[in-house]
Amino acid sequence: MRLDGPVAEVAPSLLGGVLRANGVAVRLTEVEAYAGDTDPGSHAFRGRTPRNDVMFGPPGRAYVYFSYGMHWCLNVVCGPEGLASAVLLRAGAVVDGHDLARARRPGAADRDLARGPARLTRALAVNGDHNGVDLLDPSSAVTLTGPDLAVAGPVRTGPRVGVGGAGAATPWRFWLAGDPTVSTYRPAAVRRRSVPS
DNA sequence: CTACCGATATTCT
DNA sequence: GAATATCGGTAGA
């Protein structure tokens, strides 16, 4: 597996790969690419902060961040080191540890267990403690292994979820065509203003 | 199935 | 104060 190339090429190459953590494994079906230097949608675009620090480190590390005050999202840092690019792991199909995953996601249908970035981290029990771990080290708590077979299936691309502005024009969301575990598209939401006083 | 909305950390203005 | 790489519950078609 190669993570040091252009992020737009690395991202689709991860589809079909297997992510394993805490007794559950998923086959990746949906990812998004974020380039740190040129991409307004990237957390790293405006520079280094305590939150995005690991994005500036070596490739193969996990970048885990807390979103909307409630959810964890997991990224794979891509190289070369210093570019601060990453691939957001958006969805997958559970291939091992179904009972554990179901216990962590009460009431969810099997295909919904890891259908969405925050659902995926919940099914795998990934949180901020895993920020910065080396996904390529088999002894890590979270590991990522490349697709075993050459091709997992046809790949489709489209706009990224929740990214507005100039970044919306870049079709850097990649998923396996027809896979039922790909998350439903939610356009960048118009949200109601904060509580009126 | 779609549409709306609340919860709320981190960062930017 | 406002925006954001979201989700689950609820309401309605």
Side-chain angles (χ1 to χ4, degrees), chain A residues 7-8 10-12 14-15 19 26 28-56 61-78 83-92 94 101-132 135 142 144 157-175 178 180-197:
Chain A
V7 68
V10 171
L14 298 179
L15 292 171
L19 178 72
V26 300
L28 298 176
T29 57
E30 182 185 1
V31 299
E32 282 178 4
Y34 290 87
D37 55 341
T38 57
D39 178 3
S42 169
H43 282 172
F45 182 63
R46 290 177 183 82
R48 195 168 188 160
T49 67
R51 179 171 65 159
N52 66 27
D53 192 61
V54 313
M55 291 181 79
F56 290 82
R61 300 279 186 79
Y63 166 45
V64 186
Y65 73 95
F66 203 49
S67 174
Y68 288 85
M70 346 169 80
H71 307 296
W72 295 102
C73 293
L74 172 62
N75 302 248
V76 182
V77 175
C78 297
L83 192 58
S85 295
V87 175
L88 170 66
L89 307 181
R90 287 194 54 87
V94 175
R102 280 192 280 257
R104 289 167 184 155
R105 306 235 329 108
D110 274 14
R111 65 169 229 176
D112 289 336
L113 287 173
R115 191 187 192 215
R119 294 167 171 182
L120 186 148
T121 56
R122 193 180 305 181
L124 297 188
V126 166
N127 58 43
D129 294 341
H130 304 291
N131 193 40
L135 297 171
V142 188
L144 177 64
T157 69
R160 292 172 296 181
V161 175
V163 177
T170 317
W172 273 1
R173 175 174 173 244
F174 304 90
W175 67 94
T181 64
V182 172
S183 64
T184 53
Y185 178 63
R186 299 204 193 196
V190 208
R191 53 186 21 72
R192 185 159 96 30
R193 273 199 268 276
S194 326
V195 191
S197 49

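Residue numbers begin at 1 in each chain, while the letters A, B, ... track the order of the sequences. Just so it is clear, the model here is predicted, and its values are computed rather than measured.
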By ring-ring contact (aromatic ring centres under 6.0 Å, His included), which residues pair with A:Tyr34, not counting sequence neighbours?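 Checked A:Tyr34 against ring-ring contact (aromatic ring centres under 6.0 Å, His included); zero matches.
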Find the distance between OH (A:Tyr65) and CG (A:Leu74) and round it off to the nearest 0.5 Å. 10.0 Å
OP1 or OP2 of [N] less than 4.0 angstrom from a side-chain nitrogen or oxygen of [X], does that happen here?
{"X": "A:Arg122", "N": "C:dT6", "answer": "no"}
{"X": "A:Arg105", "N": "C:dC7", "answer": "no"}
{"X": "A:Thr49", "N": "B:dT11", "answer": "yes"}

Please find the pair of heavy atoms, one from A:His71 and one from A:Ala118, that lie closest to each other, and give the distance. CB-CB, 3.4 Å
Heavy-atom nearest pair, A:Gly116 first then A:Ala91, reads N-CB, 3.7 Å
Rounded to the nearest angstrom, tell me the gap between atom [atom1] in [X] and atom [atom2] in [N].
{"X": "A:Arg90", "N": "C:dT6", "atom1": "CZ", "atom2": "C1'", "value": "9 Å"}
{"X": "A:Asp53", "N": "B:dT10", "atom1": "CG", "atom2": "C1'", "value": "15 Å"}
{"X": "A:Met55", "N": "B:dT10", "atom1": "CE", "atom2": "P", "value": "17 Å"}
{"X": "A:Arg46", "N": "C:dT4", "atom1": "CZ", "atom2": "C1'", "value": "10 Å"}
{"X": "A:Asn75", "N": "C:dT6", "atom1": "CG", "atom2": "P", "value": "11 Å"}
{"X": "A:Trp172", "N": "C:dA5", "atom1": "CH2", "atom2": "C1'", "value": "14 Å"}
{"X": "A:Arg160", "N": "C:dT6", "atom1": "CZ", "atom2": "C1'", "value": "16 Å"}
{"X": "A:His71", "N": "C:dG9", "atom1": "NE2", "atom2": "P", "value": "11 Å"}

pi-stack flag for A:Tyr68 and B:dA7, centroid dist under 5.5 Å, interplanar under 30°: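 According to the criterion (under 5.5 Å, under 30°), no, A:Tyr68 does not stack.
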Please list, chain by chain and in numerical order, all residues satisfying side-chain hydrogen bond (donor to acceptor under 3.5 Å, both in side chains) with A:Thr49, sequence neighbours excluded. A:Asn52
In terms of side-chain heavy atoms of A:Leu88, which of C:dT6, C:dA5, B:dA9 is nearest?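 Minimum distance to the A:Leu88 side chain belongs to C:dA5.
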Side chain of A:Ala118 - closest among C:dT6, C:dA5, B:dT10: C:dT6
Name the orientation class of the two ring planes belonging to A:Phe66 and A:Trp72 (parallel below 30°, tilted from 30 to 60°, perpendicular beyond 60°).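 If you compare the ring of A:Phe66 with that of A:Trp72, the planes turn out tilted.
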Which dot-bracket notation, 5' to 3', represents the base pairing of DNA chain C when pairs are defined as Watson-Crick or G-U with both distances under 3.5 Å, crossing pairs as [ ], and inter-strand pairs as |? ||||.|||||||.
Given the C1' atoms of B:dA9 and C:dG9, what is the spacing between them in whole Å? 22 Å
With a 4.5 Å limit on heavy-atom distance, are the side chains of A:Trp172 and A:Val7 in contact?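 They are in side-chain contact.
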Under the 3.5 Å rule, do the base of C:dA5 and the side chain of A:Tyr65 count as making a donor-acceptor pair?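 Result: at least one qualifying N/O pair found.
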